[in-house]
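All chains are named by letter (A, B, ...) in the order of the sequence lines, taking the proteins before the strands, and each is independently numbered beginning at 1.
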Amino acid sequence: MTVRVRYAPSPTGSPHVGNIRDALFKHLLAKHHKGVNILRIEDTDRTRYIEGAERDIMESLHWMGIQWTEGPDVGGPHGPYRQSERKEAGIYAHWINVLLERGLAYKAFDTSQELEEMREYQQINKQPVGYFGGVWRDATPEAVEKAEKEGKPFVIRQRIPRNETVVIHDFIRGRIEWDTNTVDDPVLIKADGMPTYHFAAMVDDHLMEITHIIRGEEWISSAPKHALLFDAFGWERPVFVHCPVIKGKDGKKLSKRHGDTRCLDYRAAGYMPEALANFIALIGWSPGEDREILSMDELAEAFDLGGLQPSPGVFDIDKLRWMNGNYIRALSPEALTATVKQYLTVPDIEEYFTRIPEGADAPIDAAMPAAVALMREAFEKTPELAATALLLEQPRVTTLSEFATACMFFFQEEPPFDEKAVEKWFGQPHVGPMIEHFQKWSSGLQAATLEDCEKAVRDYAEANSFDKMGPVVHPIRVALTGKTVGPGLFELMSALGPQVMAKRFQRALGRIAKANV
RNA sequence: GGCCCGGUGGUCUAGCGGUUAGGACGCCUCCCUUUCACGGAGGAAAUCGCGGGUUCGAGUCCCGUCCGGGCUACCA
């Protein structure tokens with residue numbers, strides 16, 4: 001039997017990472033077993049529908065490298081793949097009638113006010129809250145007919161059997177059982193004629209021959225209803241797999257309050273999809289060995305439902321950063337350039353960094369858009385310099401966006417001086433003559449290889465009896481970059497080239513003079 | 001309130017009756033070194049939520065308890 005799974009989001013917003021993690025698990029399982037992953041859009045709630053959500057869903061999936069072989073965009077033998085379209089096709093109407101005829105579902109004409117009063121009463125009397133029959137579960141055919149004739153709006157509810165025990169076998173947790181007297185009668189068809197999740201998802205899962213229902217653990221509570229619905233139809237139940245949720249640092253389910261939750265925000269922030277996938281796959285799942293860096297192929301190869309964990313995990317952004325840096329460092333020079341250039345085309349970088357997160361009083365990084373713009377410009381005007389700069393910063397960067405800020409000094413006409421750096425080095429007496437020497441040296445040059453630069457600096461140190469390189473290297477670095485941190489000095493000098501060096505040394509001379517007043 | 005799920009260092013996790021409880025992130029120290037990183041070597045950090053059992057032996061099995069979480073919509 002081939003494994004068939006489905007990712008079935010509802011278009012109520014842009015998918016967040018917890019949701020995408022579940023989608024990733026499905027993709028991995030399907031890939032591992034050479035099965036089929038389906039994308040199905042669950043748009044049965046028109047009041048919550050958000051324009052553009054479906055596009056975001058597919059974009060998130062594409063970016064992450066999650067594939068599906070049946071879906072609204074690619075079609076397939078079990079279409080349509082949007083529940084609103086399936087409703088139009090009469091699929092749910094057909095199956096609800098089967099239930100109605102068998103007496104396994106019934107029409108309920110309660111008004112929302114009546115339902116509210118019922119819940120209030122149950123609450124006060126400390127009874128289980130829910131619809132356990134009301135007046136309609138066992139209403140006479142005459143009463144139902146009368147209500148229908150009067151044109152009263154109604155919903156169709158599932159008739160949950162009473163005084164029984166329902167057992168489901170969750171793949172991760174094993175046997176879970178409920179007394180059916182604690183399971184209320186869920187609405188299957190709403191008053192507007194649309195099916196609810198409880199009905200549509202199960203009918204579709206059966207019709208689409210889904211073998212494993214993989215979803216978040218928040219669905220465990222309604223699992224008995226779903227299992228009972230399969231039973232009511234006489235359908236074989238799929239395997240239930242309830243994945244643990246991903247929590248924020250405070251232990252609560254991941255939400256906007258925890259900063260980035262939107263999958264595509266990680267793209268804008270400069271994370272590589274391979275790293276994000278690798279990272280989230282390891283929350284709630286483990287290959288059972290110590291290996292932690294796994295490519296998508298390796299994940300699929302190793303993926304196994306048995307590695308799923310029952311307990312929720314916390315999203316640790318620091319570990320993601322570490323992992324992302326790892327992926328960046330693994331990039332070949334060619335791939336590095338291609339990856340960063342690709343990143344520079346991400347449409348919402350500006351929007352992302354200037355956004356003020358919920359609860360914060362400042363944008364994420366207001367300076368980033370300018371740095372990114374400079375990087376784009378550099379790739380156009382001086383592509384070789386840009387590529388070299390990337391290479392030199394590769395070991396010390398953890399996100400793609402950091403390249404922009406880290407490489408800025410390469411491209412700026414006059415990189416600003418870090419005041420602390422100036423204070424520390426430019427006041428020393430040997431610095432003036434030294435920078436003057438290198439100014440002359442560089443202005444006489446046509447080109448400067450790494451070896452040329454190293455030789456020049458070492459020769460100067462030796463000629464002037466420096467026993468340590470620090471006092472020579474650091475002031476030169478500050479003169480050239482304005483900073484005390486960055487790539488190796490010789491690499492950096494050679495990348496900048498003699499013309500730029502000469503200009504910057506000249507400018508530093510002015511600054512040194514001021515520092516010594 | 002009712003029903004259900006969960007509980008190994010701060011975090012992600014390995015463990016599936018017998019281990020000095022392993023790895024990773026983060027943190028600290030040292031090495032490499034012209035800085036920052038990267039890389040390498042160490043270190044601190046878990047009475048396995050707690051209490052009872054079962055057993056020669058329990059993180060691993062059972063019961064209770066506490067804490068955390070989810071559901072309790074004509075939302076998914």
*Asks:* A:Lys190 has a side chain; which of B:rC4, B:rC38, B:rC75 sits nearest to it?
*Replies:* B:rC75

*Asks:* Please give, in whole Å, the distance from B:rC27 P to A:Arg321 CZ?
*Replies:* 11 Å

*Asks:* Quick one about A:Tyr92 and A:Asp204 (side-chain donor to acceptor, distance below 3.5 Å, no hydrogens or angles considered), yes or no?
*Replies:* yes

*Asks:* Taking only the side-chain heavy atoms of A:Leu489 (C-beta and beyond), determine which of B:rU34, B:rC71, B:rC38 contains the nearest atom.
*Replies:* B:rU34

*Asks:* Are OP1 or OP2 of B:rG2 and a side-chain N or O of A:Gln127 less than 4.0 angstrom apart?
*Replies:* no

*Asks:* Residues from residues 311-319 of chain A sitting under 4.0 Å of RNA chain B, heavy atoms only?
*Replies:* A:Ser311, A:Pro312, A:Gly313, A:Val314, A:Asp316, A:Asp318, A:Lys319

*Asks:* Which nucleotide, B:rA76, B:rU72, B:rC12, lies nearest any side-chain atom of A:Ile283?
*Replies:* B:rC12

*Asks:* If you compare every side-chain N and O of A:Arg48 against the phosphate oxygens of B:rA76 (OP1, OP2), does one of them come in below 4.0 Å?
*Replies:* no

*Asks:* As a test of reading the structure: which of B:rU34, B:rG6, B:rC75 is closest to the side chain of A:Arg458, going by heavy atoms?
*Replies:* B:rU34

*Asks:* B:rC36, B:rC5, B:rA73: which one has an atom nearest the side-chain heavy atoms of A:Arg173?
*Replies:* B:rC5

*Asks:* With a 4.0 Å heavy-atom cut-off, tell me which residues in residues 153-168 of chain A come close to RNA chain B, sorted by residue number.
*Replies:* A:Val155, A:Arg157

*Asks:* Once you apply the 3.5 Å cut-off to both distances, tell me the Watson-Crick or G-U wobble partner of B:rC30, or none.
*Replies:* B:rG40

*Asks:* In whole Å, measure the gap between the C1' atoms of B:rC12 and B:rA73 for me.
*Replies:* 35 Å

